[in-house]
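Report on one structure; see the data block that follows.
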Amino acid sequence: MLLKLLVVEDDPPALELMHEVLTSLRAEVRTLSDSEQAAALVNQERFDGVFVDLQMPKVDGFELARRIRASSWNKSTPIVVVTGQDDTKAMQKAFAAGTTFFLQKPIDRQRLTNLFKAARGKMFENRRQFARVPLQTEVICQVGDQTLRGPSSNISQGGILFEAGRSLSPDTTVRLSFRLPGRELRIDVTGVVVRVDEKQRAGVRFTHVVGRELQLIRDLIGSDDGESTQAQNRPI
């Protein structure tokens, strides 16, 4: 699947060049010249990577990076800061705001191509964290001294959706135990409830999974060819 990128740049020629080059590198590219619109969009859609001009009116690149990191949709999305500044203080400030990569201005095709090829692996890695596949298995949920049981709907590398049987509150810490198809080993994880829908299905984000069990989850997701794009584009 194509990487889904957001490019935020207030200079029209630079924006057009970045769109042309990134599209030619087999990416789905969304462009915006208004940083305030971009700040709103990152709270509505998930992207695999965001390119941010550092110097923009309204919301500058530093603040936009901070808002991306604060969003539920793109808190771990790689951010590429596009800047003409090369002083150490600006770079430190950008890294502190959540920047992952730097692209130095003036932008040219080769420099942008090299940067994208270097960043692509990180972007795919971030996408895999949220890719979800259907999973029907019993989930045992420990909340304090209470034990809940219910069937799961889907799973990702970063979390699981299951029927809790009663309403759980967001931000509640839970311990979950479940089995994957064809595996005897139980997966035991710690997580935090991030959402509960009207059907009392709880979306839990994993906060602690041991290495071997995380690899089993990755193997399950990687072996499923029916991965849903719609599922990827909403938070768990």
Side-chain angles (χ1 to χ4, degrees), residues 1-131 157-158 222 227 229 232-235:
M1 294 177 63
L2 301 181
L3 285 170
K4 182 180 177 182
L5 307 178
L6 174 63
V7 179
V8 189
E9 167 65 71
D10 65 331
D11 178 51
L15 190 64
E16 182 178 351
L17 175 62
M18 294 175 71
H19 180 273
E20 179 186 340
V21 173
L22 293 171
T23 300
S24 73
L25 294 170
R26 298 183 57 78
E28 176 189 341
V29 184
R30 178 86 169 269
T31 57
L32 283 176
S33 58
D34 188 315
S35 57
E36 278 190 339
Q37 290 182 8
L41 185 61
V42 296
N43 284 297
Q44 300 167 9
E45 286 185 45
R46 175 170 290 126
F47 294 92
D48 298 314
V50 183
F51 288 73
V52 176
D53 182 23
L54 203 55
Q55 294 181 308
M56 294 184 290
K58 299 180 181 179
V59 180
D60 67 19
F62 297 115
E63 178 60 24
L64 182 54
R66 283 190 285 267
R67 294 191 191 185
I68 292 169
R69 286 290 168 255
S71 72
S72 60
W73 291 85
N74 293 285
K75 64 177 61 178
S76 62
T77 298
I79 300 172
V80 180
V81 158
V82 183
T83 179
Q85 301 182 35
D86 59 0
D87 61 284
T88 303
K89 287 186 177 180
M91 294 181 68
Q92 289 176 339
K93 185 177 178 182
F95 275 124
T99 297
T100 318
F101 300 97
F102 279 89
L103 176 63
Q104 200 70 33
K105 286 185 174 181
I107 302 168
D108 62 49
R109 293 175 182 274
Q110 192 59 53
R111 184 178 293 166
L112 178 55
T113 297
N114 291 342
L115 183 282
F116 179 68
K117 289 180 177 178
R120 188 162 47 191
K122 186 80 171 177
M123 293 176 181
F124 273 118
E125 179 184 341
N126 182 68
R127 171 190 280 186
R128 283 192 293 271
Q129 181 179 351
F130 298 98
Q157 181 178 314
E227 185 177 300
T229 302
Q232 290 182 49
N233 289 336
R234 62 176 188 272

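Just the heavy atoms: all of them, side chains too, but no hydrogens, waters or symmetry mates, feed the values below.
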| task | May I ask you to decide whether Glu125 forms a salt bridge with Lys122, counting only side-chain N to carboxylate O separations under 4.0 Å? | result |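 Salt bridge absent between Glu125 and Lys122.
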
| request: May I ask you to say whether Asp53 pairs ionically with Lys105, meaning some side-chain N is under 4.0 Å from a carboxylate O? | output: yes

[X] vs [Y] side-chain heavy atoms within contact, under 4.5 Å:
| X | Y | value |
| --- | --- | --- |
| Lys75 | Arg69 | no |
| Arg30 | His19 | no |
| Leu64 | Val8 | yes |
| Phe51 | Leu115 | yes |
| Asp10 | Ser35 | no |
| Met56 | Glu9 | no |
| Glu20 | Val29 | no |

For [X] and [Y], work out which heavy atoms get closest and say how close.
| X | Y | answer |
| --- | --- | --- |
| Val42 | Trp73 | O-CB, 3.5 Å |
| Thr100 | Thr77 | OG1-O, 4.5 Å |
| Asn74 | Phe47 | OD1-N, 2.8 Å |
| Arg120 | Leu25 | NH1-O, 4.3 Å |
| Arg127 | Leu3 | NH2-CA, 3.5 Å |

| No-hydrogen, no-angle side-chain donor-acceptor test under 3.5 Å, Ser76 and Asn126 | yes

| message | More than 12 heavy atoms of other residues, nucleotides or ligands under 6.0 Å from CD of Gln85: yes or no? | response | yes

